[in-house]
Amino acid sequence: MKRTVMTLLAFALLLASASAQKVTIAKKGKVQVILDDGQTLRRMDSLQLDSVYKYWDNVVAEHPKDEAAWRKLSDVELERVTRLMLYGKDKEAEQLHKELDLLGHMSQAIPGTYTYYHAANVNGWERPIAYADSAIAILPKKDVPAEDYDRWAAYLIGKKDTLRLTKVLTQYYESGQYPASALQYDYNELQGMEKGGVYLGQTQGYILGKLILQLVLGVHKDKILCSEGNVKSHVKRMFESIGIPFSDEIYNSFKTSKQDDELIAIMRYIFEHSKRPVYLSASTRFLTGIPDDLKACLYNEGLTMRYSAKPYNNVAVKRRNVEQRYMMDYLVLQFHPEVKSFRTSKSSSSLAFNYLILLYDLMPYYKKHNADQYARLNRIFTGIMSKLSERGWSLPNSDKSYYVNYSKEGGPHYEFKEQIGYKSDPNDDAETDKRKRDEFFKKNTRVLIKTEPLE
């Protein structure tokens, strides 16, 4: 039986782009810092972080009831303390936390507020769980950042608290902050699975959107959603959800000196003992590190990989998913602005690129046997590549680069190319260098994916 195992190229993970909203500018001596929302704090050096902290500290001193300013201040404090801990300076981090006494000041200025409970849970060193429950209990109806919903959802998933999880995810969905493209991708992954199938996500980020689909929108409620992990309590919950017996003896059999080996042992046990069909996302990094005997039992069905010890025609299933189950018209033209996300798993461009990489191998078959499906996929791939045109990516520790370009040769179309880097000879003049460069790229550039001109 013909079978194809296809995983995402590593560079697909580099496609997610983060953008931040500029809010103001703080100046302190020669230090000028643009205060952005989101993860830009991680790109600041310690001097810049100090300047930003002092800026927001002055704001809350003048406006002690300004919760938005307190939130900014707590975000900066968290970054400063966390950065010290990442460098192994735990004592210095704890000392800085005590010196700043941010939670003490917040408890005086805005006690009992959502902002305080959030900071106490995220920044606090004691009783964080109690503060999580308090924050969720008074979760505001609006102006809650997406990362807060992610945090509370992860907490409630761990507690198996479906009631409160549904409330949080409903607000998340209604806030409009969860990217529609991510929900559509999640929906298509579930669409390709058999009824009652188990979906094993690499992280909780892989199942969050699917939980919105189940608990908020009421679709694909028959699927079992789990995230990978090797902590005992997590493994117990996972086994119980799937319907696999769990015991201390079974769990201890997974223990090894390497965490990755433990995870592989757990996944192997699930594959071999689940009475339900088990699926992985075709974009999970787990696929790159598994033993060959397990890899041989993973069959690509489109956006997902299914475990099967018995060979079967997975390509036929893949065609069925593309022709009958996946809803992909949104990839051709979107009628709403895309929500920006810092998470690769939610990035619109990364998810769209997944379709291109994972489904392109069907094109030769459709070109020969099904002209309508060939034309349909060509339109979809053209839509994807048009949004990535003239963008380029490079891989760490590699001399190869990749880019999408628009070409009119032979009719307007798009090409995804791989190119090997060129090193100039310092002794060459400009004309010689250009000639050598052009000759080199002509020999060392290849087209990996090419669309056909649209009629």
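Note that the numbering runs from 1 along the sequence shown for the chain.
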Between [Y] and [X], does any NZ, NE, NH1 or NH2 come within less than 4.0 Å of an OD or OE carboxylate oxygen?
X: E262; Y: K258; answer: no
X: K98; Y: E94; answer: yes
X: D293; Y: R268; answer: yes

Is a side-chain donor or acceptor of [X] paired with a backbone partner of [Y] at a separation under 3.5 angstrom?
X: D57; Y: Y53; result: no
X: N321; Y: G302; result: no
X: D148; Y: V144; result: no
X: Q48; Y: D45; result: yes
X: Q177; Y: A146; result: yes
X: S134; Y: A130; result: yes
X: S107; Y: G104; result: yes
X: S253; Y: I250; result: yes

*Examine Y406 together with Y414 and report whether their ring centres are nearer than 6.0 Å.*
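Between Y414 and Y406, which both carry aromatic rings, the centre distance is below 6.0 Å.
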
*Looking at Y279 versus Y299, is the centre-to-centre ring distance below 6.0 Å?*
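Here the rings of Y299 and Y279 have centres that are no less than 6.0 Å from each other.
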
Looking only at side-chain N and O atoms, does [Y] offer a donor or acceptor that is under 3.5 Å from a partner on [X]?
X: N123; Y: E77; value: yes
X: E418; Y: Y402; value: yes
X: D133; Y: Y155; value: yes
X: Y199; Y: E189; value: yes

Should we count [atom1] of [X] as having more than 12 external heavy atoms under 6.0 Å?
X: K160; atom1: NZ; result: yes
X: L163; atom1: CG; result: no
X: E99; atom1: CD; result: yes
X: K65; atom1: NZ; result: yes

For the residue pair [X] and [Y], what are the closest heavy atoms and their distance?
X: S227; Y: H234; answer: O-NE2, 2.5 Å
X: E301; Y: Y326; answer: O-OH, 3.4 Å
X: D433; Y: S424; answer: OD1-OG, 2.8 Å
X: L331; Y: K387; answer: O-NZ, 3.4 Å
X: R306; Y: P277; answer: NH2-CB, 3.6 Å
X: T115; Y: R71; answer: CG2-N, 4.0 Å

Student check: side-chain heavy atoms of [X] and [Y] closer than 4.5 Å:
X: N121; Y: R151; answer: yes
X: F440; Y: I420; answer: yes
X: Y172; Y: Y178; answer: yes
X: L215; Y: L165; answer: yes
X: I244; Y: S274; answer: yes
X: L183; Y: I212; answer: yes
X: V404; Y: E415; answer: no
X: L100; Y: R80; answer: yes

*With K236 as the cation and Y251 as the aromatic partner, state whether NZ or CZ is under 6.0 Å from the six-membered ring centre and within 45° of the axis.*
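That pair does not qualify as a cation-pi contact.
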
_side-chain contact (heavy atoms from CB on, under 4.5 Å) for K318 and D361? Distances and angles first, verdict last._
CA-CA 10 Å; K318 184 173 184 176; D361 65 328; 2.7 Å; yes

*Take V168 and L139 through the test side-chain contact (heavy atoms from CB on, under 4.5 Å) and record every step on the way to the result.*
CA-CA 8 Å; V168 169; L139 188 66; 4.3 Å; yes

Nearest 0.5 Å, what's the [atom1]-[atom2] distance between [X] and [Y]?
X: M267; Y: L280; atom1: CE; atom2: CG; value: 5.0 Å
X: L200; Y: E228; atom1: CG; atom2: CD; value: 6.5 Å
X: N188; Y: M193; atom1: CG; atom2: CE; value: 13.0 Å
X: Y206; Y: D186; atom1: OH; atom2: CG; value: 10.5 Å
X: E194; Y: K223; atom1: CD; atom2: NZ; value: 8.5 Å
X: Y173; Y: L213; atom1: OH; atom2: CG; value: 9.0 Å

*What's the verdict on side-chain contact (heavy atoms from CB on, under 4.5 Å) for Y355 and L303, showing C-alpha distance, side-chain angles and the deciding distance?*
CA-CA 7 Å; Y355 287 100; L303 303 182; 3.8 Å; yes

*Stepwise, does the salt bridge (charged side-chain N to carboxylate O under 4.0 Å, His left out) test hold for D50 with K54?*
CA-CA 6 Å; D50 290 346; K54 291 175 182 177; over 6 Å; no

Is the ring pair [X]/[Y] parallel, tilted or perpendicular, if the boundaries are 30 and 60 degrees?
X: F353; Y: F416; result: perpendicular
X: W152; Y: H118; result: perpendicular
X: Y269; Y: F239; result: parallel

*With salt bridge (charged side-chain N to carboxylate O under 4.0 Å, His left out) as the test, would you mind laying out the steps for D399 and K423 before giving the verdict?*
CA-CA 10 Å; D399 62 348; K423 294 183 180 180; over 6 Å; no

*So among Q214, Q191, K210, which one has a side chain to side chain donor-acceptor pair (under 3.5 Å) with H220?*
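Going through the options one by one, the only one that passes is Q191.
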
*Step by step, would you call I449 with I357 a side-chain contact (heavy atoms from CB on, under 4.5 Å)?*
CA-CA 9 Å; I449 294 175; I357 297 296; 4.1 Å; yes

